[in-house]
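Okay, so here's the structure we're looking at.
Just so it is clear, the values below take in all heavy atoms, side chains as well, and ignore hydrogens, waters and symmetry mates. Computed from a predicted structure; not experimentally measured.
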Amino acid sequence: MDRNEYPRPQLVRQDWLNLNGEWNFEFDDENIGLEEKWHLKHSQFTKKINVPFAYQTKRSGINDPSFHDWVWYTREFDIPASMVNKQIILHFGAVDYRAMVFINGSLVGTHEGGHTPFSFDITNYLIEGKQSVVVRVEDPSEDETIPRGKQYWVEKSAGIWYTRTTGIWQTVWLEAVNKTHIHKLRFTPDIDVGDISIDVELTGDYVNKQLEIDICFKNEVVASETVRVHESFTKRSINLYNRKIFRTGFHHAGWNWSPENPNLFDVTIRLKEGDSVLDDITSYFGMRKIHTENGMVFLNNRPYYQKLVLDQGYWPEGLLTAPTDQDLKGDIELAKEMGFNGCRKHQKVEDPRFLYWADHLGFLVWGECAASPSFSEDAVARLTREWIDIIDRDYNHPCIVTWVPINESWGVPFINHNAQEKHHSLAMYHLIHSLDKTRLVISNDGWEMTTTDICAIHNYNHGHKDELEKYNEFRHSLLTTENLLHSMPAGRNIYAQEFNHSGEPILLTEFGGIGFKAGDESGWGYTSVTNEEDYVADYERVMKAVYESQSLHGYCYTQLTDVEQEINGILTYDRKPKCDLQEIRRINDMWHVHVVK
């Protein structure tokens, strides 16, 4: 089994069962499965698929990139002895795009949205002996109003568009809980006073039960509290600093989370009735603050220059699904080795395991979402629902410092002058802030921004080293705030009509994309070189221009890896370096000379 790690790292229970691995599978190109009741005839499925890999991938065992808009899955499973006489929850990490789930022939629920988790209590659908689960998926290949990110609506990949992902692409798993259990857990840090606010939502017969909360830092207990429960929602605020300047050899500021010091607090929460434990979970949080001030981004109340790399999160054998947990960890380790302190996860809601490793290794993440190419009222509703689910899933991860709901006017192509599309951008900005007060929000990364916390500009006009006119234009546009705000990347205004820069930090959030063919790949980049020496020289040339700017307060370089026909990564698609990574680090570290006073 390729993916057998615990899939929900922010709320861990011991009693669970991984359902990844071999499932029976069938295409339903005529969309006759429901009419013919395939959920009752799953023994007739003719193919095998390796879950959680989409049928388009090599890892799935099928490796068919063609259009199949309706697909079916089924497998049998046993309920382990440890789960008997408990509530059984069936979890799906992500299924693209619409799912119907049947247990033992009965429909237990449906879900729309291809990038966020969902679950069903299947207890009342279980029978004696073997259980069967059937999943029907609909993924409209050509529909441009669903959030699809980089998944192309044409069969053959081209340009910036990649092969589609249909169906189950994150872990499927069972969890056993008591009828009375912890349903949701949320941590909100406040480093200015040293408080961690803990929100706990319970379900079942919770009245007069007790919550025991233990918080540890580096294996030392720093706080313990017992709370008698009277409502389904319980909120506790615990002061970790406790008026102590020094503790375990650290000033309390040394407890904060950052890429340089990814300090995490371990949490155990038990729900009890007398001496009986009804629920026992482990989690973690980081004390971290992100805000803007005086035209700069501040991390933990100090100016912080973000050196990000654009990360598409694709793999040659798994597309959106990393082949192993180590692959997720490895991408972060390679990026840090090159001197980047974070990434912008582009047009993808990444697997929670990536965020787990970013939390533990110390790596900033800008969380983005798959966009729909076109605007419609349905597209607005779909994107809104996905963002509510995204923040609900990922709120507790300290690595995430910025949310990016819209990129380069995708899904709002006429936003510069279209009032309805401007309202959509503003609505997403305010919706996300209404759900999450701890992070920054960019209204439209690249150009045509409305209200935004960061002015995020894209510019690929640096050209080849011999294109001096283009390069000088690129350098000139970066030098002053006025030049940056009057640049016209892709012929677009930096701010949409009626909106202007209001002092927010300016970051260059897409640039570079130097194309370098390494091996047998063929494809494209924004510029092109033919050897390692020229690649390093071109990278240094472009980065020097960025560092010379007195107005930029961070950047996001395009990009970490090649993806399909794009050969503009620092790494190949299979994560092989195109040059000595210490040379990339040397250049990335040059920002100290140019930026740090």
Side-chain angles (χ1 to χ4, degrees), residues 19-57 59-79 88-115 117-146 148 151 153-155 163-174 319-321 378 382:
L19 294 183
N20 290 342
E22 186 179 272
W23 290 49
N24 295 320
F25 182 79
E26 196 64 80
F27 295 129
D28 183 12
D29 293 340
E30 303 301 320
N31 191 22
I32 59 175
L34 281 177
E35 181 181 350
E36 295 186 354
K37 295 182 171 53
W38 285 14
H39 58 286
L40 300 176
K41 304 174 183 178
H42 43 82
S43 62
Q44 300 178 14
F45 290 11
T46 62
K47 299 175 179 63
K48 303 290 184 182
I49 191 169
N50 180 23
V51 168
F53 298 97
Y55 77 77
Q56 292 96 336
T57 70
R59 286 271 175 163
S60 72
I62 296 177
N63 194 23
D64 179 354
S66 58
F67 285 175
H68 299 285
D69 287 4
W70 297 274
V71 299
W72 290 72
Y73 300 76
T74 185
R75 67 159 288 169
E76 293 184 334
F77 61 92
D78 294 308
I79 301 296
I88 306 299
I89 312 298
L90 174 62
H91 293 275
F92 294 85
V95 179
D96 197 351
Y97 176 70
R98 299 185 182 96
M100 301 178 68
V101 180
F102 302 83
I103 295 292
N104 297 318
S106 296
L107 177 67
V108 298
T110 63
H111 180 263
E112 178 174 334
H115 309 93
F118 59 96
S119 60
F120 304 111
D121 185 338
I122 63 171
T123 310
N124 294 334
Y125 299 89
L126 300 177
I127 60 176
E128 293 290 330
K130 290 277 186 185
Q131 316 295 327
S132 71
V133 55
V134 175
V135 182
R136 175 190 182 264
V137 177
E138 179 186 6
D139 185 27
S141 300
E142 298 177 317
D143 189 340
E144 296 182 37
T145 66
I146 64 173
R148 57 191 313 120
Q151 301 181 55
W153 50 95
V154 177
E155 280 205 18
T163 305
R164 292 152 304 284
T165 290
T166 294
I168 299 170
W169 67 277
Q170 289 185 24
T171 292
V172 186
W173 55 294
L174 294 177
L319 296 178
L320 287 177
T321 309
D378 285 340
R382 290 165 182 156

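Put simply, the side chain of D64 does not reach to within 4.5 Å of the side chain of Q56, judged on heavy atoms. Between N104 and I122 there is no side-chain heavy-atom pair separated by less than 4.5 Å. Side-chain contact between V137 and V95 is present, with at least one heavy-atom pair separated by less than 4.5 Å. Using a 4.5 Å cut-off on side-chain heavy atoms (C-beta onward), E26 and Q44 make no contact. Put simply, the side chain of F102 reaches to within 4.5 Å of the side chain of L107, judged on heavy atoms. I32 is listed as a side-chain neighbour of W38, based on a closest heavy-atom distance under 4.5 Å. For the pair R148 and Y97, the minimum side-chain heavy-atom distance is 4.5 Å or more. Counting only heavy atoms from C-beta outward, the side chains of I89 and D121 approach each other to under 4.5 Å.
Considering all non-hydrogen atoms of both residues, G105 and S132 come closest at N-OG, 4.4 Å. Closest approach of N20 to T171, counting heavy atoms only: ND2-OG1, 3.1 Å. Scanning all heavy atoms of the two residues, the minimum distance from D96 to T165 falls at OD2-O, 3.1 Å. The two residues V135 and A99 have their closest heavy-atom pair at CG1-CB, 4.5 Å. Closest approach of A54 and S60 over heavy atoms only: O-CB, 3.0 Å. Of all the heavy atoms in W23 and L19, the pair that sits closest is NE1-O, 2.8 Å.
The side chain to side chain donor-acceptor pair (under 3.5 Å) check on Q170 picks up nothing, with sequence neighbours excluded. Residues satisfying the ring-ring contact (aromatic ring centres under 6.0 Å, His included) test with F118, not counting sequence neighbours, are F92, H111, F120.
Rounding to the nearest 0.5 Å places OH of Y73 at 5.0 Å from CD1 of I168. Atom CD1 in I79 sits 5.0 Å away from atom CG in L126 (nearest 0.5 Å). Rounding to the nearest 0.5 Å gives a distance of 7.0 Å between CG of D69 and OG1 of T166. Distance check: R136 CZ to M100 CE gives 6.0 Å after rounding to the nearest 0.5 Å. Expressed to the nearest 0.5 Å, how far CH2 of W72 lies from CG of D28 amounts to 7.0 Å. Considering OG1 of T74 and CD1 of I49, their distance stands at 12.5 Å, rounded to 0.5 Å.
For the pair R59 (side chain) and L319 (backbone), a donor-acceptor distance under 3.5 Å is absent. With R164 contributing its side chain and P65 its backbone, the two residues share a donor-acceptor pair below 3.5 Å. Side-chain atoms of Q131 come within 3.5 Å of backbone atoms of G129 as a donor-acceptor pair (strictly under, hydrogens ignored). With hydrogens and angles disregarded, no donor-acceptor distance shorter than 3.5 Å links the side chain of S141 to the backbone of W153.
The only option from K48, R75, E76 that meets the side chain to side chain donor-acceptor pair (under 3.5 Å) definition with N24 turns out to be K48.
With salt bridges taken as basic N to acidic carboxylate O contacts below 4.0 Å, none links K41 and E36. In summary, D78 and K130 engage in a salt bridge, as defined by a charged side-chain N under 4.0 Å from a carboxylate O.
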For this session: Determine, stepwise, if the pair F53 / Y55 fulfils ring-ring contact (aromatic ring centres under 6.0 Å, His included).
Result: CA-CA 7 Å; F53 298 97; Y55 77 77; over 10 Å; no
Problem set entry | Working for side-chain contact (heavy atoms from CB on, under 4.5 Å), residues Y125 and L90 | CA-CA 11 Å; Y125 299 89; L90 174 62; over 6 Å; no
For this session: Given side-chain contact (heavy atoms from CB on, under 4.5 Å), test L320 with Q151 step by step and report yes or no.
Result: CA-CA 10 Å; L320 287 177; Q151 301 181 55; 3.9 Å; yes
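Between W169 and H115, the angle of the ring planes goes over 60°, which puts this pair in the perpendicular group of the 30/60° scheme.
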